[in-house]
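Report on the following structure.
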Number of protein chains: 2
Amino acid sequence: MNKLRRRATGRITLDEVSAAAGVSPITASRALRGQRSVDPALVERVREAAERLGYVPDPAARALASARSSQVVVLVPMLSNALFVDLLEAVHATLLPAGYQTLIGMTHYDPAEEEQLLRGYMAHRPAGLLLTGFDRTEGSRKLIEASGVPCVHMMETAEAPGVFSVGFSQAAAGYAMTRHLVERGRRRVMFLAAQLDPRTLQRLQGYRDALRGAGLYDEALELLDPRRSSMALGAALFERALGEHGDADALFCCNDDLAQGALLAALRLGVSVPQRVAVAGFNDLAGSDQMLPPLTTVHTPRVEIGQQAAAMLLRLMQGQEVPRAAVDVGCTLVVRGST
Amino acid sequence: MNKLRRRATGRITLDEVSAAAGVSPITASRALRGQRSVDPALVERVREAAERLGYVPDPAARALASARSSQVVVLVPMLSNALFVDLLEAVHATLLPAGYQTLIGMTHYDPAEEEQLLRGYMAHRPAGLLLTGFDRTEGSRKLIEASGVPCVHMMETAEAPGVFSVGFSQAAAGYAMTRHLVERGRRRVMFLAAQLDPRTLQRLQGYRDALRGAGLYDEALELLDPRRSSMALGAALFERALGEHGDADALFCCNDDLAQGALLAALRLGVSVPQRVAVAGFNDLAGSDQMLPPLTTVHTPRVEIGQQAAAMLLRLMQGQEVPRAAVDVGCTLVVRGST
DNA sequence: CTGAAAGCGCTTACAG
DNA sequence: CTGAAAGCGCTTACAG
């Protein structure tokens, strides 16, 4: 009477649920996914049976049959920059309740490494892609396009057909901070940067535009160091900046950890901030409000970016329309005591 | 002549590889996995064919057929504590080259939340589990045991049959730091703690043992705050500590972010460290060496823990023996200027 | 050392 | 709105 073989694995299957509900497996499958038009009464019966039996769908079987998994690949440069930790947490918190898992990868700011990660992860038939910025190889671009997997870019925005993004203008933010310093009467504003990734260079562009507009630009005031950003490097750059440019009256650091290191170096060397020199940061990371003096910085809305990018991807993965393909969430100048 | 149907998906399959190599799919499968005894000449032929065709195994099909995926579930309390970021990066870097992906989850220090995550992730048939500490629900324990999935615990160690762990003694570390303070002549040593998770409480135990041993223990000197650890909280606890205990001459903070906040508060309030009061931290996080004065702390080897735990899990997943089930990697007292 | 058969648990068209 | 059939791409015993 019962055509159900007990599976060797002991796992409760869709077959058992559908039998318990007195429908076919296909109907049970559709009912459980809330998909297509299924008689509401049957949906209820199937739901009840699944609940009662403790049925949990098998992601592997689902992925194999549908050629799409429930996993979203999220690629960020690195986790040692707290910015990306916040971004990742927000993405994760948005995706998990919707039934998607997060497969994270770290590119170390290297497009070739990103392509390699992408190539490996694509075999998993991800349901979606969340990438940082737009700096990637031609190979990555083709891989993504050929796969047809929905993709949303984070941190920067771009207006282009078929390109989805959530971020803000790094250049505008760099411009705004520089203007703030100029408006406070600073005339020799230095730019201290590390890593020199694309977004840092965009901020630099904003800095240049602002200083040029004010007739204060001087290439010598740019201190660009390709090494990884850290408080220790910030301290070193601070010393070098004041050593090489005794007349510098403001230091715009491309990331808060550099700025925090600079502030501590100032304390150590007895250089008064902001009297002798103003110090500004970027991102508003943990601890910046605790510094002495508290750090003026740009608060970047990474939590909102993570949430909105994930929400946008969710819509794309479900085949829904997205109201705006490029969402600029803006950012905020936070003026504290250091400028 | 060619019995190969072209798959609708266009994906290169094992069937095509085996046909190209002139062997059966099973042999091709075994050859590619480097498993069982297969004629070396055949292995070579299969490898070559796979390479030439650009074959990439399908993880979903593999998981479905073998009832085990190539994913490792890693559960940590939260990423806003930089400690766990380092741990996670090390785990990830060890697992990825070995062909395993990382599925991360954040428990927020809540065993019930951990159980829920575990329940959800178990449906993915993970190949292995990497968990933080030993504080979990009975339900989680049963779930893990019933699944038969290899599991390694990180951060703490425990000697028990069938239990695998890589970590260090939090109590011993707490004891060592407290002894250091006592040996420097401190008599009123306070313990400032946040979060109050199990490992923090173990450090507290070490602190108590050391002070009791020296005849200096006073319950009133423990400032325990269940809120999340942060620099801002450290600053607040610093003020409260000195306000309530004017005679305190040392503050042992359970995490570096608290200690960094305390150090900055001291600067702000004009309290000289270490003359008036010594300040010690725990974990040796980024920036602690940049503080003013540089922070004395315990360097916890989270990178080694992540690497070794992942390496141990790799052995377990491959059915190999593990030399030692409980590995204590120790930790190091780092004496800087603050004590 | 190698292979034919069966199965893992689900979903996709295709019918009705 | 519902279902029978076929298939997704691999691996597990079981033989030989």
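Per chain, numbering begins at 1; letters A, B, ... match sequence-line order.
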Provide, to the nearest angstrom, the distance between the [atom1] atom belonging to [X] and the [atom2] atom belonging to [N].
X        : N       : atom1 : atom2 : value
Ile26(A) : dA6(D)  : CD1   : P     : 13 Å
Glu16(A) : dG9(C)  : CD    : C1'   : 11 Å
Arg30(B) : dT2(C)  : CZ    : C1'   : 6 Å
Leu14(B) : dC10(D) : CG    : P     : 5 Å
Arg33(A) : dG9(C)  : CZ    : P     : 17 Å
Asp15(A) : dT11(C) : CG    : P     : 11 Å
Arg68(B) : dT12(D) : CZ    : P     : 11 Å

Can you list the residues that meet the salt bridge (Lys or Arg N to Asp or Glu O under 4.0 Å) rule with Arg68(A), with sequence neighbours excluded?
->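 With neighbours one apart ignored, the set is empty.
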
Return the set of residues passing salt bridge (Lys or Arg N to Asp or Glu O under 4.0 Å) with Asp135(B) (not counting sequence neighbours), or none when no residue passes.
->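 Counting only residues at least two positions away or on another chain, Asp135(B) forms no salt bridge (Lys or Arg N to Asp or Glu O under 4.0 Å).
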
Name the stems with DNA chain D in them: runs of three or more consecutive Watson-Crick or G-U pairs, distances under 3.5 Å?
->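 Correct response: C:1-3 with D:14-16, C:5-12 with D:5-12, C:14-16 with D:1-3.
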
Non-hydrogen atoms of His124(B) and Gln71(A) that approach each other most closely =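 For His124(B) and Gln71(A), the tightest heavy-atom pair comes out as ND1-NE2, 3.9 Å.
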
Side-chain N or O of [X] less than 4.0 angstrom from OP1 or OP2 on [N]?
X        : N       : answer
Ser29(B) : dT11(D) : yes
Ser66(A) : dT11(C) : no
Thr27(A) : dG3(D)  : yes

Which of the following nucleotides, dT2(D), dT2(C), dC10(D), is nearest to the side chain of Asp39(A)?
->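 So the side chain of Asp39(A) is nearest to dT2(D).
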
Measure from the side chain of Ser24(B), starting at C-beta and using heavy atoms only, and say which of dC10(D), dG7(D), dG3(C) lies closest.
->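 Side chain of Ser24(B) sits closest to dG3(C).
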
So which one's nearest nucleotide on DNA chain C is more toward 5', Pro40(B) or Leu64(B)?
->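 Its nucleotide being nearer the 5' end, the pick is Pro40(B).
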
Side-chain polar contacts of residues 142-149 of chain B - donor-acceptor pairs under 3.5 angstrom, sequence neighbours left out - could you list them?
unit_1: Ser147(B); atom_1: OG; unit_2: Ile144(B); atom_2: O; d: 2.7
unit_1: Ser147(B); atom_1: OG; unit_2: Val149(B); atom_2: N; d: 3.1

Mind checking Pro25(B) for me? I need base, sugar-phosphate or nothing, with any heavy atom below 4.0 Å counting as a touch.
->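 Nothing, no heavy atom under 4.0 Å.
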
Residue pairs involving residues 81-105 of chain A (criterion salt bridge (Lys or Arg N to Asp or Glu O under 4.0 Å); sequence neighbours excluded) |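 Found Asp86(A)-Arg302(A).
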
Atom CD of Gln320(B): over 12 foreign heavy atoms under 6.0 Å =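 Atom CD in Gln320(B) is packed in, count exceeds 12.
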
Which residues pass the side chain to side chain donor-acceptor pair (under 3.5 Å) test with Gln307(A), sequence neighbours left out?
->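 Expected list: none.
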
